[in-house]
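Read the structure below first, then the notes.
When reading the values below, keep in mind they use all heavy atoms of this one structure, side chains included, and skip hydrogens, waters and symmetry mates. Along the sequence shown, the residues carry numbers beginning at 1.
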Amino acid sequence: MHTPEQRAAYLDTIRNFPGAFADLVNGLTDEQLTARALDGEWTIAQNIHHVADSHINSYVRLKLILTEERPPLKGYDQEAWAKLVDGDTPNIEVSLNLLRSLHTRWVAIFESLTEEQWQRVGIHSEIGELTPDDLVKIYADHCDAHIDQVTRTLAAQG
């Protein structure tokens with residue numbers, strides 16, 4: 001279980017992520033967004049669209065955990081999602097705007113939780129038991145990981 005201070009730090013990461021992510025990719029060309037600069041890693045555009053998909057899924061999982069008893073939480077094939085037309089396009093503004101709005105709502109829910117709600121449980125199809133306390137850390141780390149991945153991709157592009 002995380003302390004209130006740890007949760008606050010995780011929430012700051014989630015709260016600030018959409019702006020930091022947008023700043024990182026602001027002004028990139030379509031070529032930069034879709035270049036495969038690192039072997040085995042997604043393009044910058046795919047990273048952006050993936051984060052939107054992933055965070056939507058987590059937001060829904062949080063709501064299920066808070067409103068149902070031990071709900072099933074389905075995993076998904078993120079590689080397959082990244083290959084769909086909306087996951088492999090240089091049109092990133094829709095996903096960046098989605099992240100801004102989604103994170104505002106997501107943080108508001110997290111900030112409203114009682115100690116009891118932080119410990120509610122859902123059952124993820126790949127991971128097993130997940131609590132809101134788990135989700136807040138997982139997705140703060142996820143934000144940091146994708147800032148890092150896009151930064152490395154940009155560096156590899158020269």
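Using a 4.0 Å cut-off between a side-chain N of Lys or Arg and a carboxylate O of Asp or Glu, Lys137 and Asp133 do not qualify as a salt bridge. Between Arg7 and Glu115 there is a salt bridge, since a side-chain N of the basic residue sits under 4.0 Å from a carboxylate O of the acidic one.
Under the rule for a salt bridge (Lys or Arg N to Asp or Glu O under 4.0 Å), the partners of Glu129 that lie at least two apart in sequence or sit in another chain are Arg70. Here Gln149 pairs with Glu41, His146 under the side chain to side chain donor-acceptor pair (under 3.5 Å) rule; sequence neighbours left out. Under the ring pair (Phe, Tyr, Trp, His ring centres under 6.0 Å) criterion, His103 pairs with Phe17, His55, Trp106, not counting sequence neighbours. Scanning for salt bridge (Lys or Arg N to Asp or Glu O under 4.0 Å) contacts around Asp134 gives an empty result, with sequence neighbours left out. Legend: residues meeting side chain to side chain donor-acceptor pair (under 3.5 Å) with Asp12, ordered by chain and number and at least two apart, are Arg15. Qualifying salt bridge (Lys or Arg N to Asp or Glu O under 4.0 Å) partners for Glu116, counting only residues two or more places apart in sequence or in other chains: none. With sequence neighbours left out, Thr3 forms a side-chain contact (heavy atoms from CB on, under 4.5 Å) with Glu5, Gln6. Partners of Asn91 according to the side chain to side chain donor-acceptor pair (under 3.5 Å) rule, which considers only residues two or more places apart in sequence or in another chain, do not exist here. Considering only residues two or more places apart in sequence or on other chains, Glu69 meets the salt bridge (Lys or Arg N to Asp or Glu O under 4.0 Å) condition with Arg120. Residues passing the side chain to side chain donor-acceptor pair (under 3.5 Å) test with Gln119, sequence neighbours excluded: none.
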Could you pull out all donor-acceptor pairs under 3.5 Å where a side-chain atom in residues 77-85 meets a protein atom, sequence neighbours excluded?
| unit_1 | atom_1 | unit_2 | atom_2 | d |
| --- | --- | --- | --- | --- |
| Asp77 | OD1 | Glu79 | N | 3.2 |
| Asp77 | OD1 | Ala80 | N | 3.1 |
| Glu79 | OE1 | Trp42 | NE1 | 3.2 |

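For CZ of Arg105, the number of neighbouring non-hydrogen atoms (other residues, nucleotides, ligands) closer than 6.0 Å is 12 at most.
Contact detail for Gln157 and Ala35: the closest heavy-atom pair is NE2-CB, 3.6 Å.
With a 4.5 Å cut-off between side-chain heavy atoms of Ile, Leu, Val, Met, Phe, Trp and Tyr, the cluster of Val121 takes in Ile123.
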